[in-house]
Structure formats: structure tokens, C-alpha cells
Amino acid sequence: VVALALCGGALTAGVTYYFTPKYARVGYQPIQPVAYDHSFHAGDLGIDCRYCHTFVDRSEHANVPDAATCMNCHGTILPDSPALAPVRESFETGEPIEWVRIHETPDYVFFNHSVHVNRGVSCVECHGQINEMETVYHAKSLTMAFCLDCHRHPETAVRPLDKVYDLDWQAESEESQIAQGTELVNDWNINPPTSCSGCHR
């Protein structure tokens, strides 16, 4: 009985620990219905994140662009490319492309994109260096500990608002990031919640 209890406890602890996002989702890189190269579009071409994810600074979620957004450019650039056939079909029929979701929070977690980006938190803080990813993958754990680390020390993450969508921007040093971040936190009166009700509503 004791051995069974110990085995059961070890199994439960192992599943609880290793089924967290840190282990179950980091590195997750699904194949999408259309091969979209972020390193080319956001990196080489320098397309602003908000051109495709139009609601990221005004909404709780970062919307996935519809086919019309893609066709703004691809109506004239590579309009007959076989790789873009699903985009053209979606544009013509109105049926959305079935993108595979990569980043998601549990249903019991409240997260608002606009609150973060409008207070100097760049996309790279949670999603990694998206502008260098040919195929986007789940780069950071997004666990509760990950979020709380940032909420407890926002000065390590915030940057000037004109640098939020400059995914290559970095402070000159860790010390200058802390100094500048502390100043921004004070100027903008940033006080992220660390209580349960802040994210579990």
C-alpha cells in the first residue's frame, strides 16, 4: 500500500510538473496551411506587426489576418504562386484559412494584449524573436511563473513606446535597461497585479 501510494504520488507529481507549458509547449512548431515566413516579412521587409495583427494594440487578443490583408500585397506580388492558392481561395470564397494556433493561454487566464503593448512590452518578450523565425514556434514558457517574474520586475521588460514593434531593439546594456525601465515604470505608473485576481477572473 505504501509503495502504491509513493508510486501514485511520484506519477502525479511528474505529470503535474512536466505537463506545464514550459515542457509541453516550448518548441511547439506546427505545420501551417500556408507557409508564411515571418523572418522574410517581418524581418527582411520590416513589415510592422500591426499591419497583419491589426487589433493587437486595441484588443485583448492579437487577431490572425484574413486573406484580404494578404491579398493587399499578393494581388500584385506573386499573384499566381501555387503556395498562395489557399489564400486566393479564402479571398474568393470568404472561408477563413484554418491556421493552427501556436500561443494560447488556458481558459481560466485573463490576458490583454493591448494593455501590455501600450505600456512598452514588446512582442519579443512573450513570443521570442518572431522576426527571425521562418516558421513561428512557441519560444517561451508563458507559465504563471514566467508572467509573475515580469509583473514583479516590469523594469526588465518595458521599453519606449516607439520601440515596441522594433523587434531588434535592445537597450545598450542590462544596466541601462533597468535604469530606463525604472523611469518608464514610474512615469507611466505601471503597477502590474501579482495577486490571483489579476489574471484569474
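Remember, it's a predicted structure, so these values are computed and weren't measured experimentally.
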Exercise for review: Look at the side chain of Ser122 and the backbone N and O of Glu125, then say whether any donor-acceptor pair between them is shorter than 3.5 Å.
Suggested key: no
Review point. If every non-hydrogen atom of Pro160 is compared with every non-hydrogen atom of Trp169, which pair is closest and at what distance?
Key: CD-CH2, 3.9 Å
Exercise for review: Could you please spell out the steps behind the side-chain contact (heavy atoms from CB on, under 4.5 Å) verdict for Gln177 and Glu155?
Suggested key: CA-CA 7 Å; Gln177 170 62 50; Glu155 68 280 358; 5.9 Å; no
Check your understanding: More than 12 foreign heavy atoms under 6.0 Å from CE of Met133: is that the case here?
Key -> yes
Review point. Do other residues, nucleotides or ligands put more than 12 heavy atoms under 6.0 Å from Tyr137 OH?
Key: no
Review point. Do the side chains of Val56 and Val64 join up, straight or via other hydrophobic residues, at under 4.5 Å, putting them in one cluster?
Key: no
Review point. Within a radius of less than 6.0 Å around CD of Glu104, do more than 12 heavy atoms belonging to other residues, nucleotides or ligands occur?
Key: yes
Review point. Within the side chain of Arg159, is there an N or O that forms a donor-acceptor pair under 3.5 Å with the backbone of Gln180?
Key: no
Exercise for review: Write out all pairs satisfying side-chain hydrogen bond (donor to acceptor under 3.5 Å, both in side chains) with one or both partners inside residues 62-77, taking only residues at least two apart or from two chains.
Suggested key: Tyr51-Asn72, Thr54-Asn63, Asp66-Thr69
Check your understanding: Quick one: ring-ring contact (aromatic ring centres under 6.0 Å, His included) partners of His53, sequence neighbours excluded?
Key -> none
Review point. About how many Å separate CG of Asp149 and NE2 of His151, when rounded to the nearest 0.5 Å?
Key: 10.5 Å
Review point. Given the rule in the side-chain contact (heavy atoms from CB on, under 4.5 Å) test, do Arg50 and Asp57 qualify, once you have shown the distances and angles that lead to the verdict?
Key: CA-CA 8 Å; Arg50 293 165 291 183; Asp57 58 347; 3.8 Å; yes
Exercise for review: Count the heavy atoms of every other residue, nucleotide or ligand shown that sit under 6.0 Å from CD1 of Ile31, and state whether that count exceeds 12.
Suggested key: no
Exercise for review: Would you please name every residue forming a ring-ring contact (aromatic ring centres under 6.0 Å, His included) with His41, sequence neighbours left out?
Suggested key: Tyr36
Check your understanding: Of all heavy-atom pairs between Ala83 and Pro86, which one has the smallest distance, and what is that distance?
Key -> O-CD, 3.6 Å
Check your understanding: Heavy-atom distance under 4.5 Å between the side chains of His103 and His138, does that happen here?
Key -> yes
Check your understanding: NE2 of His38 to CG of Leu45: how many Å apart, nearest 0.5 Å?
Key -> 12.0 Å
Review point. Ring centroid separation for His113 and His61, is it under 6.0 angstrom?
Key: no
Check your understanding: Is any side-chain heavy atom of Cys123 closer than 4.5 Å to a side-chain heavy atom of Tyr165?
Key -> yes
Exercise for review: Measure the shortest side-chain to side-chain distance between Gln29 and Val136 over non-hydrogen atoms and say whether it is less than 4.5 angstrom.
Suggested key: no
Exercise for review: Mind running side-chain contact (heavy atoms from CB on, under 4.5 Å) on Val121 and Val164 for me, showing each step along the way?
Suggested key: CA-CA 6 Å; Val121 179; Val164 168; over 6 Å; no
Exercise for review: State whether a side-chain donor-acceptor pair under 3.5 Å links Gln129 with Asn131.
Suggested key: yes
Practice item. Identify, with sequence neighbours excluded, every residue that meets ring-ring contact (aromatic ring centres under 6.0 Å, His included) alongside Phe55. Key: none
Pairs of donor and acceptor atoms involving the side chains of residues 91-100, under 3.5 Å and at least two apart or interchain, shall be tabulated with distances.
unit_1 : atom_1 : unit_2 : atom_2 : d
Thr93  : OG1    : Glu89  : O      : 2.8
Thr93  : OG1    : Glu95  : N      : 3.2

Review point. Hey, what do you get for CG (Leu84) to OG (Ser90), rounding to the nearest 0.5 Å?
Key: 12.0 Å
Review point. Any side-chain heavy atom of Cys49 within less than 4.5 Å of one from Leu167?
Key: yes
Exercise for review: Identify the two heavy atoms, one from Val124 and one from Lys140, that lie closest to each other, and give their separation to 0.1 Å.
Suggested key: O-NZ, 3.4 Å
Review point. Would you find a donor on one side and an acceptor on the other, under 3.5 Å apart, between the side chain of Thr156 and the backbone of His153?
Key: yes
Review point. Quick one: CZ on Arg152 to SG on Cys147, what's the gap to the nearest 0.5 Å?
Key: 11.0 Å
Compile the donor-acceptor pairs under 3.5 Å between side chains in residues 184-196 and protein atoms, sequence neighbours left out, one pair per line.
unit_1 : atom_1 : unit_2 : atom_2 : d
Asn186 : ND2    : Thr182 : O      : 3.2
Ser195 : OG     : Ser197 : OG     : 3.3

**Study point:** Spacing of Cys70 atom SG and Ile77 atom CD1 [to the nearest 0.5 Å]
**Key:** 12.0 Å
Check your understanding: Yes or no on side-chain contact (heavy atoms from CB on, under 4.5 Å) for Gln32 and Ile102, after CA distance, side-chain angles and deciding distance?
Key -> CA-CA 10 Å; Gln32 299 289 357; Ile102 301 171; 3.6 Å; yes
**Study point:** Connected via hydrophobic side-chain network under 4.5 Å: Ile47 and Phe40
**Key:** yes
Review point. Should we say atom CD of Glu183 is surrounded by more than 12 heavy atoms from elsewhere, each under 6.0 Å from it?
Key: no
